[in-house]
Engineer: 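What follows is a structure written as structure tokens; I'll ask about it next.
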Amino acid sequence: MISITTFLSCAAKNIYMLLVTDIGNSDIVWGVWDNGTWLHQWRHPSSKYPSAGAAIQKYADTAGINLNAFEKVVISSVVPGISPAVKTMLEKLTGSKAIIIGPDIFRKMKMRIDNPDEIGSDLVANAVAAYARFSQAAIVVDFGTALTFTTVSDEGEILGVAIAPGLKTAMLALFSNTAQLPVVPLELPESAIGKNTAHALQAGILLGYVGLVNELIDRIQAELPIQAKVIATGGLSSVLAPLKARFDEVDPMLTLDGLRQIAEKYGI
């Protein structure tokens, strides 16, 4: 097995037009990589995956992109049930073979976890991209359907992951299991003492998550022998403004960039 350090040192330096697809629990995210840069990012609800083909065709037409121009198509998915349908759709649209990145590749990488087959491809991508960015120990905080903390050692090993419900997940769970609580906007309140129901929910959930993130970063850092860089990603990474100072960087494209690097390394 190889560490992320070795992985990155021998990664191919190809320049090609690449379509990266990240199938998450809430959204399917596409990224267009061409000539060494990310040109476009598109989102579509995962629950509406049957209409994803029409959606991506519309996105491409608006951006002036010929879908047949893609030389490579790679897919990461944490929703196995819809992966085959999305793969088939992309192959029909682009005329290129779509490759799903998964455990067969992860087994070649050095991880200090019990079952490498269980780790999500999005988390591996986060680790690869973070280590490529900093070349040292790192903690990746991904604000998605789940709130995840992926830790990478100074030697480029994936040490492990912490997982909590995401902000929207927590909010919707509370709403769906209580008769009189409304869904409220994900906006930070000025006070932790709620004066009405909406304010109370925002104080409890949003300010509570500030504490959750701070505590987990501190606990993970305390277990590492050196100071780690902390990078945030995910669709809700900019919601919790008080956490901005905790992050060395915030990069919404981090997962897609990690998938790109994995695709380059393995000649996908």
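These numbers come from a predicted model, not from an experiment.
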Engineer: How long is the straight-line distance from CD of Q57 back to OG1 of T62, given to the nearest 0.5 Å?
Structural biologist: 10.0 Å
Engineer: Which atoms form the tightest heavy-atom contact between I100 and S83, and what is the distance?
Structural biologist: CD1-CB, 4.1 Å
Engineer: Atom CD1 in I101, atom CD1 in I99: separation rounded to 0.5 Å?
Structural biologist: 9.0 Å
Engineer: One pair to check against side-chain contact (heavy atoms from CB on, under 4.5 Å): I217 and F247. What are the steps and the verdict?
Structural biologist: CA-CA 10 Å; I217 290 174; F247 304 132; 4.2 Å; yes
Engineer: Which distance, rounded to the nearest 0.5 Å, do you find between the CZ of F149 and the CG of L216?
Structural biologist: 4.5 Å
Engineer: Establish whether V250 and Y209 are linked, either directly or via other cluster members, by ILVMFWY side-chain heavy-atom contacts under 4.5 Å.
Structural biologist: yes
Engineer: Taking the side chain as everything from C-beta on, heavy atoms only, tell me whether L188 gets closer than 4.5 Å to P242.
Structural biologist: yes
Engineer: Using modelled atom types and a 3.5 Å cut-off, is there a donor and acceptor pairing between side-chain atoms of T88 and backbone atoms of P84?
Structural biologist: yes
Engineer: Between OG1 of T233 and CD of E249, what distance do you get to the nearest 0.5 Å?
Structural biologist: 11.0 Å
Engineer: Applying a strict under-4.5 Å side-chain criterion to I, L, V, M, F, W and Y, I'd like to know whether L93 and I82 cluster together.
Structural biologist: yes
Engineer: Compare all side-chain heavy atoms of H40 with those of I65 and state whether any distance is below 4.5 angstrom.
Structural biologist: yes
Engineer: Who passes salt bridge (charged side-chain N to carboxylate O under 4.0 Å, His left out) against D218, sequence neighbours left out?
Structural biologist: R246
Engineer: Quiz question: by atom type and distance under 3.5 Å, do the side chains of T255 and N126 form a donor-acceptor pair?
Structural biologist: yes
Engineer: Might you work through the salt bridge (charged side-chain N to carboxylate O under 4.0 Å, His left out) test for R219 and E223, ending with a clear yes or no?
Structural biologist: CA-CA 7 Å; R219 284 180 173 266; E223 296 185 37; over 6 Å; no
Engineer: Is there a salt bridge (charged side-chain N to carboxylate O under 4.0 Å, His left out) between R133 and D251 once you walk through the steps?
Structural biologist: CA-CA 11 Å; R133 184 75 50 86; D251 183 0; 2.7 Å; yes
Engineer: Between M111 and V140, is there shared hydrophobic-cluster membership here, with clusters defined by ILVMFWY side-chain heavy atoms closer than 4.5 Å?
Structural biologist: no
Engineer: Give a yes or no answer on whether the side chain of Y59 reaches the backbone of R43 with a donor-acceptor pair at less than 3.5 Å.
Structural biologist: yes
Engineer: To the nearest 0.5 Å, what is the distance between CG on L18 and CD on E264?
Structural biologist: 7.5 Å
Engineer: Are side-chain heavy atoms of F143 and V213 found at a separation under 4.5 Å?
Structural biologist: yes
Engineer: Verify the cluster assignment for L254 and I119: are they in a single hydrophobic cluster under the rule of side-chain heavy atoms below 4.5 Å apart?
Structural biologist: no
Engineer: In terms of hydrophobic clusters joined by side-chain contacts under 4.5 Å, are I163 and I113 together?
Structural biologist: yes
Engineer: With distance as the sole test, does D248 use its side chain to make a donor-acceptor pair with the main-chain N or O of V230 at under 3.5 Å?
Structural biologist: yes
Engineer: For atom CD1 of I226, decide whether the heavy atoms of other residues, nucleotides or ligands shown that lie under 6.0 angstrom number more than 12.
Structural biologist: yes
Engineer: Go through the steps for W38 and W33 under the test ring-ring contact (aromatic ring centres under 6.0 Å, His included), then give the verdict.
Structural biologist: CA-CA 5 Å; W38 289 105; W33 173 267; 5.2 Å; yes
Engineer: Of all the heavy-atom pairs spanning D142 and G234, show the shortest one and how long it is.
Structural biologist: OD1-CA, 3.4 Å
Engineer: Do K72 and L19 have side chains that get closer than 4.5 Å, going by heavy atoms?
Structural biologist: no
Engineer: A side-chain contact here means heavy atoms from C-beta on lying under 4.5 Å apart; do W42 and V32 qualify?
Structural biologist: yes
Engineer: Please walk me through it: do D257 and R260 pass salt bridge (charged side-chain N to carboxylate O under 4.0 Å, His left out)?
Structural biologist: CA-CA 5 Å; D257 209 49; R260 172 189 66 80; 2.9 Å; yes
Engineer: Just by distance, no angles: are the side chains of S26 and T145 close enough, under 3.5 Å, to form a donor-acceptor pair?
Structural biologist: yes
Engineer: I'd like to know if the side chain of N196 and the backbone of A198 have a donor-acceptor N/O pair within less than 3.5 Å.
Structural biologist: yes
Engineer: CG/N68 to OG/S96 distance, rounded to the nearest 0.5 angstrom?
Structural biologist: 7.5 Å
Engineer: Tell me yes or no: between the side chains of S51 and H44, is some donor less than 3.5 Å from an acceptor?
Structural biologist: yes
Engineer: What do the steps show when you test L224 against T151 for side-chain contact (heavy atoms from CB on, under 4.5 Å), and what is the final call?
Structural biologist: CA-CA 9 Å; L224 299 176; T151 305; 3.9 Å; yes
Engineer: F134 vs V152, test: side-chain contact (heavy atoms from CB on, under 4.5 Å). Steps then yes/no.
Structural biologist: CA-CA 11 Å; F134 301 120; V152 184; over 6 Å; no
Engineer: How close do I28 and S46 get, counting heavy atoms only, and between which atoms?
Structural biologist: N-OG, 3.4 Å
Engineer: With a 4.5 Å heavy-atom cut-off, do V141 and L147 have their side chains touching?
Structural biologist: yes
Engineer: Taking the side chain as every heavy atom from C-beta outward, state whether V79 and Y49 have any atom pair closer than 4.5 Å.
Structural biologist: no
Engineer: Is any side-chain heavy atom of V78 closer than 4.5 Å to a side-chain heavy atom of D122?
Structural biologist: yes
Engineer: Looking at every heavy atom in both Y131 and E155, which two are closest together, and how far apart are they?
Structural biologist: OH-C, 3.9 Å
Engineer: Where is the tightest heavy-atom contact between I75 and K87, given as atom of each residue plus distance?
Structural biologist: CD1-CA, 3.7 Å
Engineer: May I have the step-by-step check of side-chain contact (heavy atoms from CB on, under 4.5 Å) for V73 and K97, ending in yes or no?
Structural biologist: CA-CA 7 Å; V73 179; K97 183 175 177 58; over 6 Å; no
Engineer: Where is the tightest heavy-atom contact between Q261 and A132, given as atom of each residue plus distance?
Structural biologist: OE1-CB, 3.1 Å
